[in-house]
A.B. asks: 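Dumping the structure here so I can ask a few things about it.
Indexing begins at 1, ligand by ligand and atom by atom, following the structure's order.
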Amino acid sequence: MRVFKFGGASVKSAEAVKNMGSIIQAHDNGPLIIVVSAMGKTTNALERVLELREAGKDYQREWQAVKDYHGNIIQDLFSSDENETFLAIESLFGHAELILRQTFAEQGKAYDQFVPYGELISTTIIAGYLRQLQLKAEWIDARRYIKTDSVFKDAKVRWEVTEELLKLNLPTILKENIVVTQGFVASDLSDNTTTLAREGSDFSAAIFAHCLNADSVTIWKDVPGILNADPKRISDTAKFEAISYREAAEMTFYGASVIHPKTIKPLANKNIPLKVRSFERPGEKGTVIHLKGSEQPIPCFMFKDKQALMVIRVKDLSFVQEESLRKIFHILAEHRIRINLTQNTAVSVSVCADWDSVKFQKAKQDLEKDFEMETHTELSLVTVKNPTSNALKAALANKEAVLEQRTKSLCQFVVSES
Ligand code: ASP
Ligand code: MG
């Protein structure tokens with residue numbers, strides 16, 4: 001059994017859905033689960049509608065735009081107005097409108113009940129379209145199978161129940177059908193809809209694959225595979241044919257955004273290969289993430305924006321030693337500050353972390369009982385793995401580092417955000 005994942009960009013228009021359809025036709029040989037995101041930028045648009053509603057403002061224009069966008073795609077895809085997909089989509093929009101009129105005690109709960117309609121709608125359109133292509137496609141509701149805790153907007157998977165539900169129900173459906181389902185969405189044990197955080201559809205694909213012992217997962221993307229740098233940042237990029245789970249996980253940790261960071265572990269635990277391929281050039285091989293990595297290490301560039309640098313200094317004439325380090329990191333951990341790099345001198349500790357004004361403010365209050373603290377914002381963290389002098393030149397072009405750390409295999413620089 002294979003799992004395919006299609007992100008928003010791969011289904012952003014009728015043209016794109018047709019292209020996806022031909023990829024599926026070419027791979028219709030054996031059990032297949034297709035996990036799909038919301039179309040194009042629909043998730044952003046739905047977030048905006050909800051924001052307006054919560055601010056008590058008129059959201060009709062934005063909401064209508066979401067409906068028109070999908071309406072146009074359906075008009076293009078289906079041959080007649082009688083198509084059952086038209087009715088199904090109308091009913092989903094109706095349900096979403098009902099949710100918009102409800103009040104929820106918790107913002108996160110409102111978000112999770114409403115925003116996943118992007119995925120429910122996209123998968124309904126796609127399952128209908130695949131049936132029009134004479135493929136046997138069965139739409140399933142991911143919420144019935146992927147179970148989580150009740151932390152809205154960032155729910156944690158309850159692996160045992162999820163695995164049980166999937167193993168009990170999916171094999172029979174997969175014998176006869178291509179399964180089409182949603183990424184991003186799940187539900188808690190009381191059947192409230194939950195979500196796995198933004199960009200979580202890759203992770204959904206990994207959950208299905210892990211629980212059902214898939215042979216492979218393929219993520220179809222708008223890039224030819226995993227590159228050694230984001231082409232928007234570095235002009236001369238190279239594609240990896242193969243990288244190891246560890247290398248891929250490390251890349252996502254340092255800021256590479258090709259795959260969602262949580263995707264790798266559930267696949268690595270079961271040795272399931274993860275392929276990243278281009279939906280624009282489906283004939284090409286892409287990159288395989290598996291046990292074996294790249295043979296020859298080439299420089300690899302990662303960029304992380306929205307960083308801040310905390311400089312924490314001792315107040316008296318003492319030095320930074322085990323006890324003060326323990327205190328500092330304990331406080332940072334308590335406030336869940338995501339640390340990306342640290343460096344210390346005799347009298348100070350510098351910490352580069354994901355900027356979050358609320359968390360930083362709280363940590364500062366606690367730290368200032370024993371230390372002085374200064375914060376610098378609007379920074380980026382540039383990481384170069386397997387550095388060469390040319391690679392470092394390319395990474396730092398027009399940038400000045402406010403902090404740097406170098407080892408033979410890894411160089412990191414904190415620079416002003418460009
Ligand atoms: N549609 C969701 C998002 O845009 C989930 C995903 O695409 O992975 O964040
Ligand atoms: Mg997306």
A.B. asks: Short list, please: which atoms of ligand 1 are under 4.0 Å from a heavy atom of Arg198?
C.D. replies: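 Taking each heavy atom of Arg198 in turn, ligand 1 has 3 (C), 4 (O), 9 (O) under 4.0 Å.
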
A.B. asks: Considering the heavy atoms of Ser37, write down every atom of ligand 1 situated less than 4.0 Å from one of them.
C.D. replies: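 Close to Ser37: 6 (C), 7 (O), 8 (O).
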
A.B. asks: Do the numbers put Lys109 on top of the ring of Phe104, so that NZ or CZ is under 6.0 Å from the six-membered ring centre and no more than 45° off the axis?
C.D. replies: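 No, cation not above the ring by the 6.0 Å, 45° rule.
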
A.B. asks: Is the Phe114 ring parallel, tilted or perpendicular to the Trp63 ring (thresholds 30°, 60°)?
C.D. replies: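 Answer is tilted, since the angle falls between 30° and 60°.
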
A.B. asks: Among side-chain atoms of Asp112 and Thr194, is any donor-acceptor pair under 3.5 angstrom?
C.D. replies: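 Asp112 vs Thr194: no donor-acceptor pair found between side chains.
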
A.B. asks: Show which side-chain atoms of residues 15-30 pair as donor or acceptor with protein atoms under 3.5 Å away, not counting sequence neighbours.
C.D. replies:
{"residue": "Asn19", "atom": "ND2", "partner": "Phe279", "partner atom": "O", "Å": "2.9"}
{"residue": "Ser22", "atom": "OG", "partner": "Asn19", "partner atom": "O", "Å": "2.8"}
{"residue": "His27", "atom": "ND1", "partner": "Ile23", "partner atom": "O", "Å": "2.9"}
{"residue": "Asn29", "atom": "OD1", "partner": "Arg2", "partner atom": "NH1", "Å": "3.1"}

A.B. asks: Could a heavy atom of Gly200 be found less than 4.0 Å from some atom of ligand 1?
C.D. replies: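 The answer is yes, since Gly200 has a heavy atom less than 4.0 Å from ligand 1.
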
A.B. asks: May I ask you to check whether Phe184 has an N/O atom sitting below 3.5 Å from an N/O atom of ligand 1?
C.D. replies: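 Not met; the criterion fails.
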
A.B. asks: Under a 4.0 Å heavy-atom limit, does Glu119 contact ligand 1 with its side chain, its backbone, both, or neither?
C.D. replies: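 The answer is the side chain of Glu119.
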
A.B. asks: Counting only heavy atoms closer than 4.0 Å, does ligand 1 sit against the backbone of Ser201, its side chain, both, or neither?
C.D. replies: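 Looking at Ser201 and ligand 1, atoms from backbone and side chain both fall under 4.0 Å.
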
A.B. asks: Would you tell me whether Lys275 and Thr287 have side-chain atoms, one donor and one acceptor, within less than 3.5 Å of each other?
C.D. replies: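 Judged by distance alone, the side chains do not pair up.
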
A.B. asks: Does anything in residues 251-271 form a ring pair (Phe, Tyr, Trp, His ring centres under 6.0 Å)? List the pairs, not counting sequence neighbours.
C.D. replies: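 Ring pair (Phe, Tyr, Trp, His ring centres under 6.0 Å) check on residues 251-271 returns no pairs.
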
A.B. asks: Which atoms of ligand 1 are found less than 4.0 Å from any heavy atom of Thr43?
C.D. replies: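 By the 4.0 Å cutoff, the relevant atoms are 1 (N), 2 (C), 3 (C), 4 (O).
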
